[in-house]
Amino acid sequence: MTLFVSVISLLLSVSLAIFSDAASFQKLPVPGKRSGPEAFAFDSTGKGFYTGVSGGKILKYLPGKGYVDFGYITVSSKSQWCDGALGIAYMSKCGRPAGIAFNNKTGELYVADAPLGLHVIPRGGGLAKKIADSVDGKPFLFLDGLDVDPSTGVVYFTSFSSKFSPGDVLKAVASKDATGKLFKYDPSKKVVTVLLKGLSGSAGCTVSSDGSFVLVSQFTKSNIKRYWIKGPKAGSSEDFTNAVSNPDNIKRIGSSGNFWVASVVNTATGPTNPSAVKVNSDGRVLQTISVKDKFGDTLVSEVNEFEERLYVGTLSGPFAGIIDL
């Protein structure tokens, strides 16, 4: 009898765990035949989130209301010609927002558009203004990650490759391309500078909570580098960690000093085992959350914590996900 009661208790606990997990996950399908909510940003009001999708749109999600259009990379981005597969095929006309982040002091939203360069959307939304599509006379071919230093307003962003375009991302990874770069844009000087070269699939970047360094991921190399902004090592870089498989976007977690990294295991047949990996300021892995049961074997591009919720984005998936922590 005791054994029977124990088995029943175990089954009940398992079913409760499954129910609890299902209740803690929210799936938010992207409207308008758009896809790939790749990255997230949060404004100073803390209501909802912003995400860039295929076809060049920035959407704002409001709880209880759903998605609304917030910004556009080009005039064409609003057109139905940029919906669905056409928007992906003609990203050089429609745009394809990758990394996004607010300057919460000005209310401006900065966007690293994969094929079209660095842009900024004014407070309140609307058509984006192009800041730069090249540096030192060399065009950006494939921008990816972006972050804004909350103290200085300086923008840091990456190029996945300086040889391959977004449409050739598989070739870039297969050839182990190492022409990625880390850039800095100073709005007060209106100048873009190159901070790091020779990166292998530099997908994401983030500024530390104390503003002393920037982390930049190398997807192809399964490595994260640290570039020092301040202190005795300012201007130098070093390996931060090799413990995260195929890291994509990296996001700081408030003022905790920790970071979330979107990770997959990249194989010859495609990405598998997508997960959210939390690391500390020393590069040590603190926690790993598998999201395969929710997203399948897809390329999870970002995991971003805000108010005890984890926002999960994908490169080409049809929905954004929210996990209660």
Side-chain angles (χ1 to χ4, degrees), residues 17-43 46-55 57-70 84 88 96-102 111 144-147 203-204 206 217 219 244-254 258-266 270-279 286-325:
I18 293 172
F19 176 80
S20 174
D21 183 62
S24 69
F25 179 66
Q26 190 176 2
K27 183 187 290 188
L28 304 174
V30 175
K33 298 180 181 179
R34 306 287 171 126
S35 61
E38 187 171 348
F40 302 96
F42 305 90
D43 63 24
K47 297 179 180 178
F49 63 84
Y50 300 76
T51 187
V53 295
S54 64
K57 279 187 180 181
I58 304 292
L59 303 177
K60 181 178 182 179
Y61 182 85
L62 292 170
K65 292 185 178 180
Y67 292 98
V68 296
D69 289 354
F70 176 76
I88 298 171
R96 193 359 174 155
I100 62 174
F102 273 102
V111 182
D144 204 341
L146 180 144
D147 195 19
T206 194
S217 63
F219 178 89
V244 182
S245 174
N246 299 113
D248 203 320
N249 284 356
I250 313 173
K251 289 296 170 181
R252 65 180 170 276
I253 307 172
N258 299 327
F259 306 89
W260 280 111
V261 187
S263 170
V264 296
V265 176
N266 196 49
T272 186
N273 296 331
S275 60
V277 182
K278 182 190 288 188
V279 298
L286 303 177
Q287 182 182 8
T288 299
I289 302 174
S290 174
V291 295
K292 183 174 181 176
D293 60 328
K294 302 171 180 64
F295 287 86
D297 285 326
T298 190
L299 201 155
V300 167
S301 53
E302 180 167 300
V303 285
N304 196 332
E305 183 176 338
F306 185 74
E307 294 185 349
E308 299 182 355
R309 285 181 153 189
L310 202 59
Y311 293 77
V312 185
T314 66
L315 182 64
S316 57
F319 64 88
I322 304 177
I323 301 172
D324 290 335
L325 296 174

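The basis for the numbers below is simple: all heavy atoms, side chains too, and nothing from hydrogens, waters or symmetry mates.
Proximity of Phe40 to Phe306: side-chain heavy atoms (C-beta onward) are nowhere separated by under 4.5 Å. With contacts defined as side-chain heavy-atom distances shorter than 4.5 Å, the pair Asn258/Val279 does not qualify. Here the side chains of Ile322 and Leu28 are in contact, with some heavy-atom distance below 4.5 Å.
Residues Gly48 and Phe42 share a closest heavy-atom pair of O-CD2, 3.5 Å. In terms of heavy atoms, Tyr61 sits closest to Gln26 at OH-NE2, 4.0 Å. In terms of heavy-atom proximity, Asn249 sits nearest to Gly145 at OD1-CA, 4.5 Å. What you find for Lys251 and Ile100 is that their closest heavy atoms are NZ-O, 4.0 Å. Val303 and Ala276 get closest at one heavy-atom pair: CG1-CB, 3.6 Å. Closest of all the heavy-atom pairs between Gly317 and Pro37 is O-CD, 3.5 Å.
We find that Asp69 and Lys60 are not joined by a salt bridge, their nearest charged nitrogen and carboxylate oxygen being 4.0 Å or further apart.
We find the OG-NZ distance between Ser24 and Lys294 to be 6.0 Å, quoted to the nearest 0.5 Å. We find the CG-CD1 distance between Leu310 and Ile289 to be 5.5 Å, quoted to the nearest 0.5 Å. We find the CZ-CG distance between Arg309 and Asp324 to be 4.5 Å, quoted to the nearest 0.5 Å. The CH2 atom of Trp260 lies 5.0 Å from the NZ atom of Lys278; values are rounded to the nearest 0.5 Å. Here the CG-CG distance, from Leu315 to Leu299, works out to 5.5 Å after rounding to the nearest 0.5 Å. If you take CD1 on Ile88 and OG on Ser54, they are separated by 5.0 Å, rounding to the nearest 0.5 Å.
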Start with the C-alpha distance between Val111 and Leu146, add both sets of side-chain angles, then the distance that settles side-chain contact (heavy atoms from CB on, under 4.5 Å), and finish with yes or no.
CA-CA 7 Å; Val111 182; Leu146 180 144; 5.8 Å; no

Derivation of the side-chain contact (heavy atoms from CB on, under 4.5 Å) call for Val264 and Asn273:
CA-CA 5 Å; Val264 296; Asn273 296 331; over 6 Å; no

Pair Leu325-Glu305, side-chain contact (heavy atoms from CB on, under 4.5 Å): steps then yes or no
CA-CA 9 Å; Leu325 296 174; Glu305 183 176 338; 3.5 Å; yes

Quick one, Asp43 with Phe49, criterion side-chain contact (heavy atoms from CB on, under 4.5 Å). Give me CA distance, side-chain angles, the key distance, then yes/no.
CA-CA 7 Å; Asp43 63 24; Phe49 63 84; over 6 Å; no

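Each side chain to side chain donor-acceptor pair (under 3.5 Å) pair with one or both residues in residues 311-322, not counting sequence neighbours, would appear here, but there are none. Residue pairs meeting the salt bridge (charged side-chain N to carboxylate O under 4.0 Å, His left out) criterion with at least one member in residues 28-39, sequence neighbours excluded, are Arg34-Asp83, Glu38-Arg96.
Judged as a salt bridge (charged side-chain N to carboxylate O under 4.0 Å, His left out), and not counting sequence neighbours, the contacts of Asp297 are Lys292. Applying the side chain to side chain contact (heavy atoms under 4.5 Å, CB included) rule to Ala203 yields the partners Asp144, Phe160, Ser217, Phe219, Asp248; only residues at least two apart in sequence or on another chain are considered. Every ring-ring contact (aromatic ring centres under 6.0 Å, His included) that Tyr50 has, sequence neighbours left out, goes to Phe70, Phe102. In this structure, the side chain to side chain contact (heavy atoms under 4.5 Å, CB included) partners of Pro31, at least two apart in sequence or on a different chain, are Leu59, Tyr67.
The backbone N or O of Gly296 lies less than 3.5 Å from no partner atom in the side chain of Asp293, so there is not a single donor-acceptor pair. A donor-acceptor contact shorter than 3.5 Å links the side chain of Ser263 to the backbone of Ser245.
Between the side chains of Asp147 and Thr206, a donor-acceptor pair is found at a separation under 3.5 Å.
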